Amino acid sequence: MDTDQLADRIVAGDRRALARAITLVESSRADHRDQAVALIEALRAKTARQAVRIGLSGTPGVGKSTFIESFGMMLLGQGLRVAVLAVDPSSARSGGSILGDKTRMERLSREQGAFIRPSPSQSHLGGVARRTREAVALCEAAGFDVVLIETVGVGQSETVVAEMSDIFVLLLAPAGGDELQGVKRGIMEMADLILVNKADGDLKASAVRTQADYAGALRLLRKRPQDPEGFPKAICVSALQEDGLERAWDEMRALVDWRRDTGHFDARRAGQARYWFDQEVRQALLAQLETGAARARMDALAEAVADGRMTPTVAAQEMLDSLGGA
Ligand SMILES: Nc1nc2c(ncn2[C@@H]2O[C@H](COP(=O)(O)OP(=O)(O)OP(=O)(O)O)[C@@H](O)[C@H]2O)c(=O)[nH]1
Ligand SMILES: [Mg+2]
């Protein structure tokens with residue numbers, strides 16, 4: 001099948017074609033890469049469909065998988081189609097967190113209107129980021145209404161996910177004491193919506209306290225132009241008891257609608273496109289340093305600098321000049 005046929009089948013909603021296309025974008029083989037780029041270009045010419053892209057981050061055990069299953073089923077119940085992707089920085093280990101947990105998304109993974117794809121097993125976050133970004137584009141072309149992009153909250157992966165999402169949701173568990181959990185300020189600042197999960201049974205009271213603490217902390221953050229009154233917001237949910245999920249969706253939709261009406265939605269996507277362009281250039285430049293010839297030259301120049309034969313400045317310039325033509 002050629003690229004154009006594959007593109008047509010994706011647009012027609014053929015899930016096997018979509019799965020195949022994602023395998024293609026995940027491949028690092030040069031010929032596959034060329035086909036993947038051609039496929040995405042073909043799809044861009046055929047359709048301008050947009051999904052609501054929701055980034056979802058949370059530490060291990062907070063209930064991401066349980067939430068995605070319940071939330072996904074709720075969306076399907078509203079007649080929406082849902083795709084689930086993951087950015088897992090530790091996926092070199094097992095081939096992705098979602099994979100092991102498809103059992104926790106048992107209902108969702110059986111649904112015709114849902115598509116679940118584990119993180120590509122690639123340890124390099126930059127590579128995972130590009131592949132996930134392209135997978136998001138494929139899911140949009142396939143006509144999914146909502147694309148959920150999950151990540152475990154470690155390291156840089158939140159930034160990667162936030163930079164490919166229309167809204168970024170932070171999932172938290174009820175805190176034991178009354179102190180805020182160790183959520184880094186930078187991550188709080190990325191959040192559009194904080195969901196305090198497990199607001200049920202014995203944990204309900206502490207979930208409500210945690211929610212109030214975060215609502216207070218969010219009010220202290222600098223107001224962002226892309227937020228309507230009342231956002232970012234913190235609310236309680238129970239993924240297990242399927243409580244608060246419609247409210248969470250209503251909040252997300254209200255935010256997306258407002259941002260669409262005010263131009264912030266398109267502006268964010270435009271800013272993200274700039275960001276990824278910048279990242280691609282930087283990564284390609286760094287990759288040039290990883291070739292055998294470049295490494296040998298770096299080593300030789302490093303020796304010269306260490307011996308005092310050259311200054312770091314002059315050696316760096318020589319190195320950069322040697323890459324210049326590429
Ligand atoms: N009480 C309660 N327990 C929940 C809720 N949501 C999830 N859990 C439980 O929390 C545990 C972890 O849930 P998961 O959905 O696997 O959490 P996760 O964030 O996907 O975890 P990792 O995949 O390891 O990062 C499981 O035992 C769930 O049953 C909830 O709303 N209420
Ligand atoms: Mg999980």
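When a ligand or atom number is given, it counts from 1 through the structure's own listing order. Since this is a predicted model, take the numbers as computed values, not measurements. Numbers here simply count residues along the sequence, with the first being 1.
For R117 and T23, the side-chain atoms include at least one donor-acceptor pair closer than 3.5 Å. Side-chain N/O atoms of Q279 and R133 include no donor and acceptor closer than 3.5 Å.
Using a 4.0 Å cutoff on heavy atoms, G61 counts as a contact of ligand 1.
With a 4.0 Å cut-off on non-hydrogen atoms, L240 touches ligand 1 through its backbone as well as its side chain. Contacts with ligand 1 closer than 4.0 Å are made by side-chain heavy atoms of D200 only, the backbone lying farther away. Of all the heavy atoms of T59, the ones lying under 4.0 Å from any atom of ligand 1 belong exclusively to the backbone.
Ligand 1 has no N or O atom lying under 3.5 Å from any N or O atom of F67, backbone or side chain.
Here is the list of ligand 1 atoms found below 4.0 Å of a heavy atom in A239: 6 (N), 31 (O). Atoms of ligand 1 found under 4.0 Å from any heavy atom of K64 (numbered from 1 in listed order, with element): 15 (O), 17 (O), 18 (P), 19 (O), 20 (O), 21 (O), 22 (P), 25 (O).
Residue R33 places its CZ atom among more than 12 non-hydrogen atoms of other residues, nucleotides or ligands, all under 6.0 Å distant. Within 6.0 Å of CE on M74 lie more than 12 heavy atoms contributed by other residues, nucleotides or ligands.
Taking 2.8 Å as the criterion, T66 does not count as a coordinating residue of the Mg ion (ligand 2), since none of its N, O or S atoms falls below it.
Counting only non-hydrogen atoms, the option in E69, M105, K198 that gets closest to atom 8 (N) of ligand 1 is K198. For atom 6 (N) of ligand 1, the nearest non-hydrogen atom from the set N197, L195, D202, V237 belongs to N197.
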Taking only distance into account, with no hydrogens and no angle test, what donor-acceptor pairs under 3.5 Å do side-chain atoms of residues 190-199 form with protein atoms, sequence neighbours excluded?
unit_1, atom_1, unit_2, atom_2, d
D192, OD1, R224, NH2, 2.8
D192, OD1, R259, NH2, 2.7
D192, OD2, F168, N, 2.8
N197, OD1, A239, N, 2.9
N197, ND2, V62, O, 3.0
K198, NZ, G61, O, 2.8

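Counting only residues at least two apart or in different chains, salt bridge (Lys or Arg N to Asp or Glu O under 4.0 Å) contacts with residues 47-64 comprise R53-E140.
Between W258 and H264, the angle of the ring planes stays under 30°, which puts this pair in the parallel group of the 30/60° scheme.
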